[in-house]
Number of protein chains: 2
Amino acid sequence: MTDDPKLDAIGSLIARLRRSDMISENEVAALAGLISVCRDYPARAVVARPREHLEKSQLLVEGFVARQTELPNGRRQILAIHVPGDFLDLHGLLLKSLDHDVVTLSPARLAEAPHAILRETTAQYPHVARLLWFSTMVDAAIHREWIASLGRTAAGRIAHLFCELQLRLEVVGRADADGYALPLTQIDIADATALTPVHVNRTLRHLREAGIVDFRTGHVAIGDLPALRRIAGFRPDYLYLEQQPR
Amino acid sequence: MTDDPKLDAIGSLIARLRRSDMISENEVAALAGLISVCRDYPARAVVARPREHLEKSQLLVEGFVARQTELPNGRRQILAIHVPGDFLDLHGLLLKSLDHDVVTLSPARLAEAPHAILRETTAQYPHVARLLWFSTMVDAAIHREWIASLGRTAAGRIAHLFCELQLRLEVVGRADADGYALPLTQIDIADATALTPVHVNRTLRHLREAGIVDFRTGHVAIGDLPALRRIAGFRPDYLYLEQQPR
DNA sequence: CGCTCGGTTGATTCGCTTCAAGCCTTGTGG
DNA sequence: CCACAAGGCTTGAAGCGAATCAACCGAGCG
C-alpha cells in the first residue's frame, strides 16, 4: 500500500505487466493517471452491458469478474474469468460497445479509466499503448486456450481452469503452488466449462478423491500440481509471462 | 485489380476495415506500405510455428488458413479460421512468438509485413495503429463466440461456423446469402468444432436433408439462412461491422 | 492398377445430461 | 430462539448425444 489510491489501484496491473516487460516509473505514473475513480460492487452485479456505448474502461482491483453471454438454450456461458490486475472491457475502447455482459462473481473493486484519458495517454506514451495492446492480446490467447477446452473432457476443462487461475493469481500475489481463494460456486464452474452443475460436482469429487485438487467453500487446495496440469494439458506459455521488450 | 501489387494484396483488408471505420487514402497507402513481399503456399503448409521468434506478420490475401494446436489426446484443435483480409499473426508483433501453429487449409497467398515497418507505421499513423488494434480485438470477439460453442450441440457448432464464415466472406466479396466456396474437408470441420469426423458427417446429412445447408465438395450451399442462424444462435454484432470512428 | 484419402453408414459404448430427491448452511422474520 | 425459506451441494437412476469401432465406397493419382 502507498499513500496514493491510484497507485494502489494499479498495483496488480503493474505486477502483471512487469512479468512480461520492463516498465519505467514514468509509465507507471502514466498508467496511474488513467484512473479516475474506484467503485465497489457486491457479488452478482452487472458492471457492463452489451450494446451500450462505452465512455470508460474498467480495471479490476480486487475480486473476481466474469464476461458472460446467454446461449439460445437459456444457459449462461462464461467466456472469461478475470482476476485483479485485469482490464475488463479495454476492448470497448475501440469496439465502442460490448457483445457480452460483464458481471462480478464476488464482491469486487473496480477502477475506472475514462476513454478520453486512455486516448491521450496512449497517444503520448507509445509504450503504454503497446502494453495495453499486449494486454488485450494475452486476453485473446487465453480465449484460444478456452476454445481448446472444446476438445477436453469434464475433468480436463475443470483442471485447466484451476491451473490457469493458479498461475494468473500467483502473478498478482494471490495464489501459491498449494492453492488459492476462489469465491465461485459450482454453478459458476459449470457455466465456465459448459458442464451441468451435477456433473461438475461429480468430477470435483473424483479429483478430490484422487488427491489432485480439493475445491470447497471458495478455496482451491492443490494436492498434486503436476497431476493437475497433466489432466488439463496445461502449458503456461500462452500467458506470455516472460519478460522481454514488447 | 490495380497496377500496384501491394494495393491488390491489401484489397480485402481495406474492404473489411472500411466496413467498421472510415479510412483515408493516406492510411490506405500506409497500410499498403506495410507489405514487403507476397508468397504462395500449397494446402497444408505450416506458415508459422509456436515458440519461434517472429520478425514479420502475415496478411492472408487469398485462401483459407487455420490457427491450430495439438491436444493432449493427440487430436488437432482448430482455434480460428482465417479468410482473405485477415492478419494471421499480428499478435506476434507484441507477443514475440506464438503459442499455436498457423497452417494453410487451402492453397493460399500471404503478404508479409515486417515488424520493423509495422512499428514505424503505427508510430507515425496513430489511426492505423488503432485499426490494427481493432482488428486483433475483433479476432478476440470471434474467439469468444467460439468459446460459446462449448455450450452448443453438434448442429449448433457447425451451423455457427457456417454463419460466421458466410458473413466474414461476404464482407470481402467471396460469399452471398446463397452460399460460398469453402475448400475444407469434413475432418477440418471436425477439428474446428471438436467433433469426430463421423459425427460431423451425420450432422451434415441431417442439415442437408432438412434443406437448411448443403456442404459438399468444397461449397456451402445455404438453403435456409434464417433457420441456419436459428440453429446456430447467430447474432452478427460480435463482428463489429458497423462503420464508426475507432 | 492399386494405393490413399475423404466420405458414408451401421452397431455398440460411454460420458454427460436430465430428472428427482434429500441434505446442509445461511439468513430472515415471527 | 426457533421456524422456515432459499440457495448451493450431493447422490442415484435413467436417457441421450456423441464417440468409438468397423466396414465399405468412390475419386484422385502415382
Side-chain angles (χ1 to χ4, degrees), chain A residues 42-44 64 66 71-78 103-107 149-161 182-210 213-221 231, chain B residues 42-44 64 66 71-78 103-107 149-161 182-210 213-221 231:
Chain A
R44 314 289 154 186
F64 288 82
L71 292 173
N73 60 24
R75 285 180 48 181
R76 170 178 79 145
Q77 178 64 51
I78 291 181
V103 305
T104 59
L105 295 173
S106 71
S149 275
L150 281 164
R152 292 189 179 105
T153 61
R157 291 183 193 181
I158 293 171
H160 197 278
L161 181 64
L182 185 68
L184 270 59
T185 65
Q186 292 186 358
I187 295 172
D188 292 328
I189 307 281
D191 290 339
T193 53
L195 301 165
T196 57
V198 171
H199 198 59
V200 166
N201 181 283
R202 287 192 239 266
T203 307
L204 287 173
R205 180 155 57 90
H206 295 327
L207 290 170
R208 185 185 309 127
E209 284 168 0
V213 64
D214 189 346
F215 174 70
R216 259 184 299 194
T217 61
H219 188 86
V220 175
I231 291 170
Chain B
R44 314 289 153 186
F64 288 82
L71 291 173
N73 60 23
R75 285 181 45 183
R76 170 178 80 143
Q77 179 64 51
I78 292 181
V103 305
T104 59
L105 295 173
S106 70
S149 275
L150 280 164
R152 293 188 179 106
T153 61
R157 290 183 195 183
I158 293 172
H160 196 278
L161 181 63
L182 185 67
L184 270 59
T185 65
Q186 292 186 359
I187 295 171
D188 293 328
I189 308 281
D191 290 340
T193 52
L195 301 165
T196 56
V198 171
H199 199 57
V200 166
N201 181 283
R202 286 193 239 266
T203 306
L204 287 173
R205 179 155 58 88
H206 295 327
L207 290 171
R208 184 184 311 128
E209 285 168 359
V213 64
D214 189 346
F215 174 70
R216 259 185 298 194
T217 61
H219 187 86
V220 175
I231 291 170

Trainee: Do V200(B) and R157(B) have side chains that approach each other closer than 4.5 Å (heavy atoms only, starting at C-beta)?
Mentor: no
Trainee: Please identify each residue that fulfils side-chain contact (heavy atoms from CB on, under 4.5 Å) with P107(A), with sequence neighbours left out.
Mentor: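 Expected list: A43(A).
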Trainee: If you measure from OG1 on T196(B) to CZ on R75(B), what distance do you get to the nearest 0.5 Å?
Mentor: 6.5 Å
Trainee: Which heavy atom of P42(B) sits nearest a heavy atom of T104(B), and at what distance?
Mentor: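 Result for this residue pair: O-OG1, 2.7 Å.
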Trainee: Collect all protein-nucleotide pairs involving nucleotides 22-27 of chain C in which both atoms are nitrogen or oxygen and the distance is under 3.5 Å.
Mentor:
none

Trainee: Contact between V220(B) and V213(B) at the side-chain level, heavy atoms closer than 4.5 Å - yes or no?
Mentor: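 Contact flag for V220(B)/V213(B) side chains = yes.
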Trainee: Between the axis at one end of the helix from dC1(C)-dG30(D) to dG30(C)-dC1(D) and the axis at the other (five pairs apiece), what's the angle to 10 degrees?
Mentor: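 Comparing the first five pairs with the last five, the axes sit 30° apart.
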Trainee: Mind checking what makes side-chain contact (heavy atoms from CB on, under 4.5 Å) contact with A192(B), not counting sequence neighbours?
Mentor: I78(B), I81(B), W146(B), L161(B)
Trainee: Listed by chain and number, what are the side-chain contact (heavy atoms from CB on, under 4.5 Å) partners of P197(A), not counting sequence neighbours?
Mentor: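 In terms of side-chain contact (heavy atoms from CB on, under 4.5 Å), with neighbours along the sequence ignored, P197(A) is linked to I187(A), A190(A).
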Trainee: Which side-chain N or O atoms in residues 201-210 of chain B pair as donor and acceptor under 3.5 Å with protein atoms at least two apart or in another chain?
Mentor:
residue, atom, partner, partner atom, Å
N201(B), ND2, Q186(B), OE1, 3.0
T203(B), OG1, H199(B), O, 2.7
R208(B), NE, D214(B), OD1, 3.1

Trainee: Which nucleotide span of DNA chain D, 5' end to 3' end, has atoms closer than 4.0 Å to non-hydrogen atoms of chain B?
Mentor: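 Reading along DNA chain D, I get dA18(D) to dC21(D).
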Trainee: Decide yes or no for I189(B) and F215(B): does some side-chain heavy atom of the first lie under 4.5 Å from some side-chain heavy atom of the second?
Mentor: yes
Trainee: Please list each protein N or O that sits under 3.5 Å from an N or O in nucleotides 11-19 of chain C, with the distance.
Mentor:
residue, atom, partner, partner atom, Å
dA11(C), N6, R202(B), NH2, 3.1
dC16(C), OP1, A154(A), N, 2.8
dC16(C), OP2, H199(A), NE2, 3.0
dC16(C), O5', H199(A), NE2, 3.2
dT17(C), OP1, T196(A), N, 3.3
dT17(C), OP2, T196(A), N, 3.1
dT17(C), OP2, T196(A), OG1, 2.9
dT18(C), O4, R202(A), NH2, 3.1

Trainee: Go through the structure and list residues passing side-chain contact (heavy atoms from CB on, under 4.5 Å) with P183(B), not counting sequence neighbours.
Mentor: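 Applying side-chain contact (heavy atoms from CB on, under 4.5 Å) to P183(B) gives F64(B), S106(B).
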Trainee: At less than 4.0 Å, is any side-chain N or O atom of Q186(B) found next to OP1 or OP2 of dT8(C)? Yes or no.
Mentor: yes
Trainee: Report the residues that fulfil salt bridge (charged side-chain N to carboxylate O under 4.0 Å, His left out) with R152(A), sequence neighbours left out, ordered by chain and then residue number.
Mentor: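 Here the qualifying residues are E145(A).
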Trainee: Please list, chain by chain and in numerical order, all residues satisfying salt bridge (charged side-chain N to carboxylate O under 4.0 Å, His left out) with R76(A), sequence neighbours excluded.
Mentor: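 Residues passing salt bridge (charged side-chain N to carboxylate O under 4.0 Å, His left out) with R76(A): D188(A), D191(A).
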